[in-house]
Participant: 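First the structure, then my questions, so here it is.
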Amino acid sequence: MKVLVTGGAGFIGSHLVQQLIAAGVDATVLGRVSHDAATLGGATVICEELYNQGALSAALRDVEVVYHL
């Protein structure tokens, strides 16, 4: 399953991403990543604003679930 987490670098989002990765989910984080992306485990990180339509469209490709945080 492919999942997109907006705000996945925040406090709640980073914990959610860690749990998704541990469950074997292909997780992508979209947002302003202000801390070390290594704390997000094996997630793909896209450092873009949510209102960037090109980045959002690319990030949503083949995504089944979106967690908007």
Side-chain angles (χ1 to χ4, degrees):
M1 175 186 321
K2 189 169 180 182
V3 172
L4 176 67
V5 181
T6 63
F11 179 75
I12 295 171
S14 63
H15 289 283
L16 172 61
V17 170
Q18 289 172 357
Q19 292 298 312
L20 290 170
I21 295 296
V25 174
D26 180 9
T28 300
V29 173
L30 175 68
R32 289 178 282 159
V33 179
S34 60
H35 65 278
D36 186 11
T39 62
L40 298 175
T44 301
V45 179
I46 303 172
C47 298
E48 288 287 344
E49 295 288 343
L50 184 61
Y51 55 78
N52 180 333
Q53 288 185 335
L56 181 58
S57 292
L60 286 170
R61 200 166 290 123
D62 300 324
V63 166
E64 298 177 55
V65 176
V66 176
Y67 291 96
H68 180 57
L69 302 173

Participant: Any ring pair (Phe, Tyr, Trp, His ring centres under 6.0 Å) pairs touching residues 8-31, not counting sequence neighbours?
Facilitator: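 Counting only pairs at least two positions apart or across chains, the ring pair (Phe, Tyr, Trp, His ring centres under 6.0 Å) contacts touching residues 8-31 are Phe11-His15.
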Participant: Do Val45 and Leu30 sit in one hydrophobic cluster, given that two such residues count as connected whenever their side-chain heavy atoms are within less than 4.5 Å of each other, even indirectly?
Facilitator: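 No, separate clusters.
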Participant: Please name all residues satisfying side-chain hydrogen bond (donor to acceptor under 3.5 Å, both in side chains) with Gln19, sequence neighbours left out, ordered by chain then number.
Facilitator: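 So Gln19 forms no side-chain hydrogen bond (donor to acceptor under 3.5 Å, both in side chains) with any residue.
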Participant: Tell me which pairs pass salt bridge (Lys or Arg N to Asp or Glu O under 4.0 Å) where either residue lies in residues 49-59, with sequence neighbours left out.
Facilitator: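 Qualifying pairs, neighbours excluded: Arg32-Glu49.
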Participant: Please determine whether residues Leu16 and Leu4 belong to a single hydrophobic cluster, defined as Ile, Leu, Val, Met, Phe, Trp and Tyr linked transitively by side-chain heavy-atom distances below 4.5 Å.
Facilitator: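 Result: no, two separate clusters.
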Participant: Can you see which heavy atom on Gly8 is nearest to which on Val17, and at what distance?
Facilitator: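 Reported closest heavy-atom pair: O-CG2, 3.9 Å.
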Participant: Side chains of residues 53-69: which donor-acceptor partners sit under 3.5 Å, not counting sequence neighbours?
Facilitator:
residue: Ser57; atom: OG; partner: Gln53; partner atom: O; Å: 3.0
residue: His68; atom: ND1; partner: Thr6; partner atom: OG1; Å: 2.7

Participant: Can you give each donor-acceptor pair under 3.5 Å made by side-chain atoms of residues 22-29, sequence neighbours left out, with the distance rounded to 0.1 Å?
Facilitator:
none

